[in-house]
Amino acid sequence: MGNNELEVIRHSASHVLAQAVKRLYPEVKLAIGPSTEEGFYYDIDRETSFTEEDLVKIEAEMKKVVKENLPIKRKELSRAEALKYFGDKGEIYKVELIGELPENEIISVYEQGEFTDLCRGPHVRYTKEVKAFKLLSATGAYWRGSEKNKMLQRIYGTAFANKEELEAHLKQMEEARQRDHSKLGKELGLYCTNPAIGKGLPLFTPKGATLKRVLIRWIEDEEIKRGYQYTSTPVLAKTDLYKISGHLDHYRDKMFVFNTDEKEEVALRPMTCPYQFMIYKADKHSYKELPIRYAETSLLFRKELSGELHGLIRIWQFTLADAHIICMPSQVAEEFEKVLDLVQYVMKTLGLKDYWYRFSKWDPNKKDKYVDNPKAWEDSQALMKKILDKNKLTYTEAEDEAAFYGPKLDFQMKNVWGKEETMFTIQIDFALPERFDLTYTDNEGKDVRPMVVHRASIGCYERTIAFLIEHYAGAFPTWMSPVQAKILTITNNQDEYAKKIHADLLAADVRCELDLRNEKIGGKIRDARLEKVPYILIIGEQEASGNKVAVRRKGAEDLGPMDYAKFKEMLLAEIKEKRI
RNA sequence: GCUGAUGUAGCUCAGCUGGUAGAGCAACUGAUUCGUAAUCAGUAGGUCACCGGUUCAAUCCCGGUCAUCAGCUCCA
């Protein structure tokens with residue numbers, strides 16, 4: 001079945017939903033009901049929200065509508081007729097929508113039985129063609145997506161061509177949610193939270209901190225190899241700094257700002273750029289030095305609204321693999337491509353494949369949200385587009401997603417709930433160099449303006465870790481696993497040999513644990529498997545006397561007894577190559 | 001922040017629409033020394049998220065706060 005066909009079914013399902021709701025609750029007003037990637041929804045204005053019992057009733061009514069097999073008929077109306085029809089019914093949202101349709105647009109409605117909805121279509125021909133659907137949830141949603149508008153009630157559902165596909169989808173959703181990083185992250189003991197500390201402030205346990213440290217060391221070393229210089233700058237600054245950068249104008253409600261006893265206003269930093277610019281400004285620079293690539297494993301603070309916080313994905317304090325490349329305008333394209341290569345290498349090494357590129361542009365109508373310099377926006381966006389096309393990237397374009405100082409290339413992924421998040425980002429900045437008055441001396445001895453590329457190579461560690469947990473369902477590749485090998489003894493008689501192996505692996509920088517408990521081997525294996533340790537080493541009398549270990553890989557694959565030296569060589573190679 | 005759901009032992013969950021709580025796992029103690037997903041027995045563990053109200057009596061009803069989850073908004 002093609003996507004279009006599924007879209008039509010889902011869109012028709014949303015009409016069936018609206019019809020059922022209108023039958024049960026005639027007083028409600030209908031807003032919009034589109035199909036989505038995963039299903040469909042309908043926004044409905046109702047005084048009270050829909051409960052789970054309401055959804056059961058509505059779903060039953062929908063089944064009736066389907067069973068009645070009503071023909072779905074398209075009609076075209078004049079603007080006046082349409083306004084009168086929906087106006088008479090008190091459908092104020094439909095009236096608003098009609099009012100905004102372009103003059104020459106054909107206004108169509110779709111009729112099924114007693115129910116008629118404003119709609120461009122297309123739809124299935126009979127309601128019976130909506131065969132397999134399910135209502136999933138009821139939540140609030142702002143009219144036209146703006147928090148300034150009234151909050152409506154949204155009912156989500158999904159529909160498929162047949163029952164089998166619907167069941168398969170529901171099962172897949174359920175399985176995906178088993179991988180939820182906040183569930184697994186706590187089960188595996190990677191992080192925890194505490195109400196006294198507050199939301200959006202997760203605590204990394206030794207295991208979680210190990211995973212983070214492994215990633216940080218890898219990225220720092222890799223970037224240094226690629227010509228980055230690491231800085232270390234304060235997380236606090238006087239708000240004067242953010243006046244220069246423009247953050248205070250564009251970003252203040254997202255910053256933690258407070259006063260000292262001496263009446264100075266200070267803020268926790270939401271971004272690293274101003275600090276690294278000040279390092280740049282501490283000296284005078286020649287064009288011969290450029291590009292300068294300042295990197296930092298940077299602790300950042302952003303005050304998100306409480307309802308926006310989620311597990312490790314959106315938090316108040318996070319660690320960004322941040323960098324700012326200060327270069328001549330003529331170097332931007334090459335630097336951008338180098339960053340692209342780095343980020344693609346990072347994704348490949350992490351084993352993350354299900355990402356896509358989003359070219360995030362400004363919205364010329366939102367003057368207060370973006371630096372007001374239309375020409376620079378057009379130029380920098382054209383430049384980025386040229387780079388993307390030259391590198392043959394397929395990307396989606398998104399209006400109104402840029403940073404306030406320039407366009408971005410975002411690496412997008414979906415979490416287990418299907419929610420889209422930005423993993424990494426590369427941005428071209430034409431505005432801040434001017435605000436900070438960054439200059440370099442060109443070959444004619446004149447001071448000229450450099451450009452800046454902002455980028456996050458592995459994104460923010462917390463969020464990336466969340467995605468890694470979900471991608472691997474907690475069973476990490478050996479190189480990043482907090483515990484890489486666990487040694488289990490069969491009886492206490494092997495303790496000494498096991499300790500020797502343990503010490504030897506630790507000495508070789510293998511993260512290794514020892515289970516000497518007086519438990520049966522089956523129980524120890526079970527525990528180690530639940531911890532998702534990549535290598536389980538079982539040591540009994542035979543192994544201890546023959547300098548061997550019995551190896552289980554990824555919990556299940558039994559490699560049998562092998563020479564310890566051989567195992568160690570294999571393990572070290574796997575770690576060194578960062579095999580996934 | 002907004003809409004809604006949820007909050008019972010470290011974890012997973014019971015607790016019959018008001019009469020001051022129960023299981024399994026984990027922990028601890030003892031026994032068991034065992035060959036690839038749970039050895040047996042015992043002990044201990046709770047201001048039922050927190051604060052207030054209604055009631056003779058609240059885990060249960062009402063209000064507020066905090067936290068978790070989903071959605072909206074937002075976003076690295």
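So you know, we letter chains A, B, ... as the sequences are listed, proteins then strands, and number each from 1. Just so it is clear, the structure is predicted and the values come from calculations on it, not from any experiment.
- Remark: Ser137(A) is not in phosphate contact with G71(B), judged by side-chain N or O atoms under 4.0 Å from OP1 or OP2.
- In this structure G45(B) sits in no base pair that meets the Watson-Crick or G-U test at under 3.5 Å.
- Between Phe567(A) and Tyr564(A), the angle of the ring planes lies from 30° to 60°, which puts this pair in the tilted group.
- Across all strands, Glu52(A) comes closer than 4.0 Å to no nucleic acid atom at all (heavy-atom distances).
- Of all nucleotides present, only A70(B) satisfies the Watson-Crick or G-U wobble test against U3(B), with each distance under 3.5 Å.
- A donor and an acceptor atom, one from each side chain of Gln276(A) and Thr233(A), are nowhere located under 3.5 Å apart.
- Side-chain proximity of Lys520(A) to the nucleotides G35(B), U3(B), U39(B) is greatest for U39(B).
- Figure legend. C50(B) is base-paired to G64(B); pairs are counted as Watson-Crick or G-U wobble with both atom distances under 3.5 Å.
- Residue Thr139(A) has its side chain nearest to A70(B) when only U36(B), A70(B), C75(B) are considered.
- Using a 4.0 Å heavy-atom criterion, one finds that Gly307(A) contacts the bases of the nucleic acid, with or without backbone contacts as well.
- Gly522(A) comes within 4.0 angstrom of sugar-phosphate atoms only, judged by non-hydrogen atoms across all strands, and of no base.
- If you check every strand for non-hydrogen atoms under 4.0 Å, Arg154(A) touches sugar and phosphate atoms only.
- Within the nucleic acid shown, Ile521(A) comes within 4.0 Å of sugar-phosphate atoms alone, with no base atom in reach, counting heavy atoms only.
- Remark: Arg46(A) qualifies as a cation-pi partner of Tyr25(A) under the 6.0 Å distance and 45° angle criteria applied to the six-membered ring.
- When each of Leu309(A) and Met271(A) is assigned the nucleotide of RNA chain B bearing its nearest heavy atom, the one mapping closer to the 5' terminus is Leu309(A).
- Closest to the Pro195(A) side chain, of the nucleotides A67(B), U36(B), C75(B), is A67(B).
- Distances were taken from every side-chain heavy atom of Leu305(A) (C-beta onward) to each of G1(B), C66(B), A37(B); the shortest belongs to G1(B).
- As the counterpart of C25(B), G10(B) is assigned, both hydrogen-bonding distances of the Watson-Crick or G-U wobble pattern falling under 3.5 Å.
- Counting only heavy atoms from C-beta on, Lys419(A) has its side chain closest to U73(B) among U73(B), A76(B), A38(B).
- Using a 4.0 Å cut-off, some side-chain N or O of Arg552(A) falls inside it from OP1 or OP2 of A37(B).
- At the heavy-atom level, Gln542(A) lies under 4.0 Å from base atoms of the strands shown.
- Note on Lys408(A): a side-chain N or O is less than 4.0 Å away from OP1 or OP2 of A76(B).
- In terms of phosphate contacts, Ser182(A) brings a side-chain nitrogen or oxygen within less than 4.0 Å of OP1 or OP2 of C69(B).
- Straight-line distance between the P atoms of A38(B) and U20(B): roughly 40 Å, to the nearest whole Å.
- Note: Phe430(A) and Trp377(A) have perpendicular aromatic rings, judged against thresholds of 30 and 60 degrees for the angle between ring planes.
- Ala550(A) comes within 4.0 angstrom of a nucleotide base, judged by non-hydrogen atoms across all strands.
- Rounded to a whole angstrom, the distance from the P atom of U54(B) to that of U43(B) is 42 Å.
- You'll find that the side chain of Lys199(A) is closest to U68(B), out of A70(B), G1(B), U68(B).
- Within the 4.0 angstrom heavy-atom criterion, base atoms lie near Ile315(A).
- Of all nucleotides listed (U73(B), G35(B), U33(B)), U33(B) comes nearest to the side chain of Thr491(A).
- Base pairing annotation: G30(B) forms a Watson-Crick or G-U wobble pair with C40(B), both donor-acceptor distances under 3.5 Å.
- One C1' atom belongs to G10(B), the other to G45(B), and the distance between them is 10 Å to the nearest Å.
- Contacts of Tyr156(A) with the nucleic acid, taken as non-hydrogen atoms under 4.0 Å apart, involve only primed sugar atoms and P, OP1 or OP2.
- For the P atom pair drawn from C50(B) and C60(B), the interatomic distance equals 11 Å after rounding to whole Å.
- In the displayed structure, Glu496(A) atom CD is contacted under 6.0 Å by at most 12 heavy atoms of other residues, nucleotides or ligands.
- Taking only distance into account, the side chain of Glu304(A) never meets the base of G1(B) through a donor-acceptor pair shorter than 3.5 Å.
- An aromatic stacking contact links Phe318(A) with the base of A76(B), defined here by ring centres under 5.5 Å apart and ring planes under 30° from parallel.
- Between Tyr156(A) and Tyr41(A), the ring center distance clears the sub-6.0 Å criterion.
- Nucleotides C28(B) and A5(B) are separated by 41 Å at their P atoms, to the nearest Å.
- To the nearest whole angstrom, the two P atoms, one in U17(B) and one in C75(B), are 48 Å apart.
- Note on Glu401(A): nothing from the nucleic acid sits closer than 4.0 angstrom, heavy atoms only.
- The aromatic rings of His181(A) and Tyr191(A) sit parallel to each other, their planes meeting at less than 30°, with 60° as the upper class boundary.
- Listed candidates were G35(B), A70(B), A76(B). Nearest to the side chain of Ile490(A) is G35(B).
- Summary of the strand contacts: Leu152(A) and Asp527(A) both lie near RNA chain B, and taking for each the nucleotide with the nearest heavy atom, the more 5' one is attributed to Leu152(A).
- Across all strands shown, Glu543(A) has heavy atoms under 4.0 Å from base atoms, whether or not it also approaches the sugar-phosphate.
- Atom P of U47(B) sits at a distance of 23 Å from the matching atom of A57(B), rounded to the whole Å.
- As a whole-Å value, the separation of Glu187(A) CD from G10(B) C1' is 13 Å.
- No N or O donor and acceptor, one from the side chain of Asn493(A) and one from the base of U33(B), sit under 3.5 Å apart.
- Between Trp356(A) and Phe411(A), the distance separating the two ring centers is not shorter than 6.0 angstrom.
- Across the protein-nucleic acid pair, Leu203(A) atom CG and A67(B) atom P stand 14 Å apart, rounded to whole Å.
- Summarising the base pairing, A58(B) is matched to no nucleotide, lacking a Watson-Crick or G-U wobble pair whose two defining distances lie under 3.5 Å.
- Annotation: Tyr405(A) is in aromatic contact with His454(A) [ring centroid separation under 6.0 Å].
- Which of C69(B), U36(B), G1(B) sits closest to the side chain of Glu308(A) comes down to G1(B).
- Taking 4.0 angstrom as the limit, Tyr461(A) places none of its side-chain polar atoms (N or O) nearer than this to OP1 or OP2 of A76(B).
- Contact annotation for Glu462(A): no contact, since no heavy-atom pair falls under 4.0 Å across all strands.
- Residue Tyr142(A) has its side chain nearest to C2(B) when only C2(B), A76(B), A67(B) are considered.
- Between the P atoms of A21(B) and G46(B), the separation comes to 13 Å (whole Å).
- Judged by the 6.0 Å and 45° rule, Lys148(A) forms no cation-pi pair with Tyr142(A).
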